[in-house]
Protein chains: 2
Amino acid sequence: MKNYELVLNRVEADLAAGRLRLGGRLPGERSLAEQLGISRPSVREAVRVLEAMGVVRTATGSGPDAGAVIVAEPASPLTALLRLHLATNHLPMGDIVQTRVLLESWTAREAAQNQAGGEQLVVAEGLLDRMDEPGLTPEEFHLLDAEFHVALSALAGNVLIAAVMSSLRTAIHSYVLAAVPNLADWDATAVGLRAEHRSIVAAIRAGQGDEAAALITAHIEGFYRAAQLR
Amino acid sequence: MKNYELVLNRVEADLAAGRLRLGGRLPGERSLAEQLGISRPSVREAVRVLEAMGVVRTATGSGPDAGAVIVAEPASPLTALLRLHLATNHLPMGDIVQTRVLLESWTAREAAQNQAGGEQLVVAEGLLDRMDEPGLTPEEFHLLDAEFHVALSALAGNVLIAAVMSSLRTAIHSYVLAAVPNLADWDATAVGLRAEHRSIVAAIRAGQGDEAAALITAHIEGFYRAAQLR
DNA sequence: ACTATGCTGTGGTCCGACCACACAGTCCGC
DNA sequence: GCGGACTGTGTGGTCGGACCACAGCATAGT
């Protein structure tokens, strides 16, 4: 058992037992080191891991926001995880596309059938309005596109699926951008994507779950095919 | 930009550019520190994060297996991530169950329709045989059960979905075990679970995708309802 | 009453040292 | 010549101590 794992176990146990809760703070690194009988560097390694896992957020200085604050941010570590494993080339882009289709078609169907999260849908439409602005660069467009898809995924109210979707869309952003030159005509593509977005939202609003799922499936697969992302 | 992030960026860039590949080794910590003009503790924090992300595996000593070897283990960090966020109580068990149903019903349908991975199916059946042994403790049973569900998820050939499923099933193992006392009659429950497993495999083998998906959905939801896991 | 100043505690970084480990080459006894 | 013991070397693992930057707060001075 490595020393830094002592800290991880301790923190996980404290979280599970309610001794640590969201918004609370970890003991100081020096104090934690003394309590566990290990050195500060070992504690720091553990805190780094916790930070990389989205469990704590560290900040210098004093006051209530300083120190290692307990947060619950599963999306950013998931993104980093995907990015790294994408970089190793052992995570095929095709699998990611397939996963997106699965998750997004499910959330679209759920959202349409349950008609929950109406205000979220308004947020998504606001993003679509911003995407209508002329003169957007492909980068700006795809950042908004990512936000839109993440907003849709949140409609179903499943935090795990929403986090996974958010991470997927963010992790592949640079790959998507790099593939834009593969498109025959970016402007024409953008026009098509905008129209598809609107029809997806319309289907969800109309409660047509199967229709929304089919539209979003075609939307995603169509783009990846056109951009020749594999 | 914190110093340890320098290392992370460097490693990710090296991976993406092919300068580092699976099975290769990171430069030594001391060497890396000198190259980047930072201290060894900063390098170590980064290596810890990479290790926590399943990108490297560290070992002491010398020889080809020593040092920081590049690996691709997305499942174990995902498991840790889920466990930690489950511990914070900001990841509802219901969302996990819902995700399992979504992923597993999809993989079952895919596997049935494509009839791919026949040998994997044999492996899964071997697990079922071992689960038939009398006298298994609930812990042993559920470990085999976890392996079975992971083997099923691998049938569809999507490494991302397989990794997520594997992590889900592993992360909730302790929670499942803790809920066994909620069951009215463990032995009767086990008999039912075994029969459901067999019928799922049979449906996949027969190419009945919708049937397999429905069976596995009922299987998962039924157990969580019986165990009162929420 | 208000402002400025130092105090205190936080994480961020670094240095140098020592340990345990595992392999590889070498030395010594046979 | 051969084999086993042994030292050398490089790896990560751990430690203690030190200094820095930062942010809030108590206090002294105006």
Side-chain angles (χ1 to χ4, degrees), chain A residues 1-11 14-15 19-71 73 76-77 80, chain B residues 1-11 14-15 19-71 73 76-77 80:
Chain A
M1 171 83 70
K2 289 165 187 168
N3 276 350
Y4 82 101
E5 294 176 6
L6 292 175
V7 184
L8 296 184
N9 292 339
R10 151 80 179 263
V11 171
D14 282 356
L15 282 172
R19 288 186 294 272
L20 283 177
R21 58 192 66 203
L22 212 71
R25 289 172 35 178
L26 245 54
E29 295 178 354
R30 295 162 178 86
S31 155
L32 215 40
E34 194 182 0
Q35 288 177 35
L36 295 172
I38 59 181
S39 71
R40 193 175 158 215
S42 296
V43 172
R44 283 185 61 74
E45 290 177 12
V47 173
R48 277 281 181 266
V49 171
L50 290 173
E51 193 178 17
M53 296 271 208
V55 174
V56 305
R57 172 181 48 75
T58 62
T60 62
S62 81
D65 276 6
V69 181
I70 313 286
V71 298
E73 193 126 342
S76 50
Chain B
M1 171 84 69
K2 289 166 187 169
N3 276 352
Y4 82 100
E5 294 176 3
L6 293 175
V7 185
L8 296 183
N9 292 338
R10 151 82 178 262
V11 171
D14 282 354
L15 282 173
R19 287 186 296 271
L20 283 177
R21 59 192 65 202
L22 212 71
R25 288 171 38 177
L26 245 55
E29 297 177 353
R30 295 164 178 84
S31 157
L32 216 41
E34 193 182 0
Q35 287 177 37
L36 295 172
I38 59 181
S39 70
R40 196 177 154 213
S42 296
V43 172
R44 283 185 60 76
E45 289 177 12
V47 173
R48 277 279 180 267
V49 171
L50 289 173
E51 195 179 14
M53 296 271 208
V55 175
V56 305
R57 170 181 49 75
T58 62
T60 62
S62 80
D65 276 6
V69 181
I70 313 286
V71 298
E73 298 250 350
S76 51

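Below, read A as the first sequence line, B as the second, and so on, with proteins coming before strands; counting in each chain starts at 1. Quick note: numbers below take in every heavy atom, side chains included, and nothing from hydrogens, waters or symmetry partners.
The closest side-chain heavy-atom distance from A:Leu8 to A:Met53 is not below 4.5 Å.
Between A:Arg48 and A:Glu51 there is a salt bridge, since at least one side-chain N of the basic residue sits less than 4.0 Å from a carboxylate O of the acidic one.
Taking side-chain N and O atoms only, A:Arg44 has no distance below 4.0 Å to OP1 or OP2 of C:dG11. For B:Thr60, no side-chain nitrogen or oxygen approaches OP1 or OP2 of C:dC21 to under 4.0 Å. Neither OP1 nor OP2 of D:dT11 sits under 4.0 Å from any side-chain N or O of B:Thr58. Of the side-chain N and O atoms in A:Arg48, one or more sit less than 4.0 angstrom from OP1 or OP2 of C:dG12.
Here the P atom of nucleotide D:dG13 and the CG atom of A:Leu6 are 14 Å apart, to the nearest Å. In this structure, the CD atom of B:Glu45 is 8 Å from the C1' atom of C:dG12, given to the nearest Å. Between B:Glu29 atom CD and C:dC15 atom C1' the separation is 15 Å, expressed in whole Å. Here the P atom of nucleotide C:dG11 and the CG atom of A:Asp65 are 13 Å apart, to the nearest Å. Going from atom CD of A:Glu51 over to atom P of C:dG11 covers 11 Å, rounded to whole Å. Atom-to-atom, CZ of B:Arg40 to P of D:dG13 comes out at 8 Å; the value is rounded to the nearest Å. Distance OH (B:Tyr4) to P (C:dG12): 8 Å, rounded to an integer number of Å. The distance between atom CG of A:Asn3 and atom P of D:dG12, rounded to the nearest whole Å, is 18 Å.
Two residues, B:Pro64 and A:Gly61, neighbour DNA chain C, and the one matched to the more 5' nucleotide by heavy-atom proximity is A:Gly61. Taking the nucleotide of DNA chain D with the nearest heavy atom to each of B:Ala59 and A:Ser42, the more 5' of the two is matched to B:Ala59. When the nearest nucleotides of DNA chain D are assigned to B:Leu26 and A:Pro41 by heavy-atom distance, the more 5′-ward of the two goes with B:Leu26.
Picking from C:dT10, D:dT14, C:dC15 the nucleotide with the shortest atom distance to the side chain of A:Arg25 gives C:dT10. Of the candidate nucleotides C:dT10, C:dC14, D:dC15, C:dT10 has the atom lying nearest to any side-chain atom of A:Arg30. Considering only side-chain atoms of A:Ser62, the nucleotide from C:dG11, C:dA17, D:dG24 that sits closest is D:dG24. The B:Lys2 side chain lies nearest to C:dG12 when the options are C:dC14, D:dC15, C:dG12.
For the side chain to side chain contact (heavy atoms under 4.5 Å, CB included) test with A:Leu32, the passing option among A:Arg10, A:Arg40, A:Arg44 is A:Arg10; the others fail. Results of the side chain to side chain contact (heavy atoms under 4.5 Å, CB included) test with A:Asn3 over A:Pro41, A:Ser42, A:Ser39 single out A:Ser42 as the only residue that passes.
Between B:Arg25 and B:Ile70, the shortest heavy-atom contact is N-CG1, 4.3 Å.
Note on B:Arg57: nothing from the nucleic acid sits closer than 4.0 angstrom, heavy atoms only.
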